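Notes follow once the structure below has been shown.
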Amino acid sequence: MRSEEYSQPFTTIAPYYDTLMSFVNYPAWVEYIERILALYERNDRLIFDLACGTGVCLELWYERGYQVLGLDRSFTMLEVCRNRLQKKKGESVALINGDMRWLALHRVYPVITCLYDSLNYLLKEEELAACFKNVHRTLSEKGLFIFDMNTIRCLRDEWGNNTYYRQDENINSVWSNQFDVKNSISSLELVLKIKQNGDYHTIREFHQERGYPLSTIARLLTRAGFTFSLYRHLTFNPAWEQDLRIMGVAEKC
Ligand SMILES: C[S@@+](CC[C@H](N)C(=O)[O-])C[C@H]1O[C@@H](n2cnc3c(N)ncnc32)[C@H](O)[C@@H]1O
């Protein structure tokens with residue numbers, strides 16, 4: 001299905017990402033994580049956000065008095081993130097252009113987050129397993145890994161084989177999804193038509209996300225050395241396969 005005209009994910013859309021995601025209630029997500037930190041009795045004020053993207057959450061953490069560090073594979077997403085944090089802090093910010101499948105840092109951190117589908121972009125079970133192991137190594141003793149994931153149900157039944165049209169400010173977009181039941185991978189052809197100075201230019205990106213059974217997520221977390229709970233996103237109810245998005249809280253043991 002993928003054609004050569006489609007760019008790699010999160011390359012060309014970076015400057016438009018925040019506009020496209022303006023419907024997401026990031027403050028509620030950050031407040032939820034603060035409730036998780038309170039529940040697990042953590043007072044650490046340092047957050048390392050994996051796959052931080054354009055840094056919307058990092059900015060919110062910073063405003064709440066946290067020290068922040070971000071990592072992302074996409075250079076263009078990090079550029080947006082860097083500008084945002086620099087504007088807020090008035091100084092340059094440490095960000096890492098890296099891949100969470102091969103994360104290898106010398107420092108350890110008390111809290112690592114990975115939000116908004118980012119883990120679903122790991123399309124092979126071995127990649128998710130490697131990421132969990134890397135995060136475990138990068139956490140301090142009793143450190144917490146807090147992450148969300150879309151479920152198979154979300155990819156199969158919500159996104160399905162549907163095409164959506166949207167208009168956000170100066171952007172018209174078409175989101176064409178296809179779900180492959182064999183491997184639980186959802187493929188998205190995303191086309192943006194952006195109006196600038198009276199003209200339209202077009203951007204095309206191809207994205208793929210994989211849904212994992214909760215039992216697989218649980219097995220890989222255990223194997224990586226975590227004790228954990230899986231919640232329905234934005235709640236403290238146990239997650240189940242019918243949820244659309246789950247939240248994992250994994251403690252290094
Ligand atoms: C849907 S965006 C979410 C960004 C941000 N966490 C947020 O909440 O807005 C997914 C992000 O994951 C990043 N990403 C995907 N695979 C990655 C990998 N293997 N290593 C690091 N970053 C990755 C992408 O570059 C993108 O910025």
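Remember, it's a predicted structure, so these values are computed and weren't measured experimentally. Position 1 is the first residue of the sequence; numbering continues from there. For ligands, and for the atoms within them, numbers begin at 1 and follow the listed sequence.
- Taking every heavy atom of Gly98 and a limit of under 4.0 angstrom, the matching atoms of ligand 1 come to 20 (N), 21 (C).
- Look at Leu115 and you'll find a heavy atom under 4.0 Å from some atom of ligand 1.
- Nearest protein heavy-atom neighbour of atom 10 (C) of ligand 1: Ser118 OG, 3.3 Å.
- Heavy atoms of Cys57 come nearer than 4.0 angstrom to ligand 1 in no pair at all.
- A donor-acceptor contact closer than 3.5 angstrom is absent between the side chains of Arg204 and Tyr6.
- Among protein heavy atoms, atom 19 (N) of ligand 1 sits closest to Asp99 OD1, 2.9 Å.
- Counting atoms of ligand 1 from 1 in the listed order, those under 4.0 Å from a heavy atom of Ser74 are 25 (O).
- Contact between Asp49 and ligand 1 is absent, with no heavy atom of the residue lying under 4.0 Å from the ligand.
- One finds no salt bridge joining Arg210 and Glu127 here, because no Lys/Arg side-chain nitrogen approaches an Asp/Glu carboxylate oxygen to under 4.0 Å.
- The aromatic ring centres of Phe10 and Tyr121 sit less than 6.0 Å apart.
- Looking at His136, its side chain does come within 3.5 Å of a backbone N or O of Gly225 through a donor-acceptor pair.
- Taking atom 20 (N) of ligand 1 as the reference point, the nearest protein heavy-atom neighbour is Met100 N, 2.9 Å.
- Every atom of ligand 1 is numbered from 1 in the order shown, and the set under 4.0 Å from a heavy atom of Met77 is 27 (O).
- In this structure, a donor-acceptor pair under 3.5 Å is present between the side chains of Asn150 and Glu209.
- Residue contacts with ligand 1 include Tyr26, since one or more of its heavy atoms lies under 4.0 Å from the ligand.
- In the vicinity of Leu122, heavy-atom distances shorter than 4.0 Å reach the ligand 1 atoms 19 (N).
- By the criterion of a heavy-atom distance under 4.0 Å, the backbone of Cys52, and not its side chain, is placed next to ligand 1.
- Using a cut-off of 4.0 Å between Lys/Arg side-chain N and Asp/Glu carboxylate O, Arg42 and Asp44 are scored as not salt-bridged.
- In this structure, a donor-acceptor pair under 3.5 Å is present between the side chains of Thr12 and Glu205.
- Of all heavy-atom pairs between Ser173 and Asp168, the closest is OG-OD1, 4.3 Å.
- Of all protein heavy atoms, the one closest to atom 25 (O) of ligand 1 is Asp72 OD1, 2.6 Å.
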Table please: side-chain donor-acceptor pairs of residues 22-30 below 3.5 Å, with sequence neighbours left out.
residue, atom, partner, partner atom, Å
Ser22, OG, Thr19, O, 2.9
Asn25, OD1, Ala28, N, 3.2

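- Close contacts of ligand 1 with Arg101, meaning ligand atoms under 4.0 Å from a residue heavy atom, involve 19 (N).
- Between Asp117 and ligand 1, no N or O atom pair is found at a separation short of 3.5 Å.
- At least one N or O atom of Ala51 sits closer than 3.5 Å to an N or O atom of ligand 1.
- For the residue pair Asp18 and Thr54, a side-chain donor N or O sits within less than 3.5 Å of a side-chain acceptor on the partner.
- With a heavy-atom cut-off of 4.0 Å, Leu50 does not touch ligand 1 at all.
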> Can Ile246 and Thr151 be said to form a side chain to side chain contact (heavy atoms under 4.5 Å, CB included), step by step?
Replying inline: CA-CA 7 Å; Ile246 61 122; Thr151 58; 3.7 Å; yes

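- Proximity of a side-chain donor or acceptor of Ser229 to a complementary backbone N or O of Val249 within less than 3.5 Å is not detected.
- Residue Tyr116 places no N or O, backbone or side chain, under 3.5 Å from any N or O of ligand 1.
- Protein heavy atom in closest approach to atom 22 (N) of ligand 1: Arg73 N, 3.2 Å.
- No donor-acceptor distance shorter than 3.5 angstrom exists from the side chain of Asp199 to the backbone of Gln196, with no hydrogens or angles considered.
- Put simply, no part of Cys131 is less than 4.0 Å from ligand 1, judged by heavy atoms.
- Counting only heavy atoms of the protein, atom 2 (S) of ligand 1 lies nearest to Tyr17 OH, 3.4 Å.
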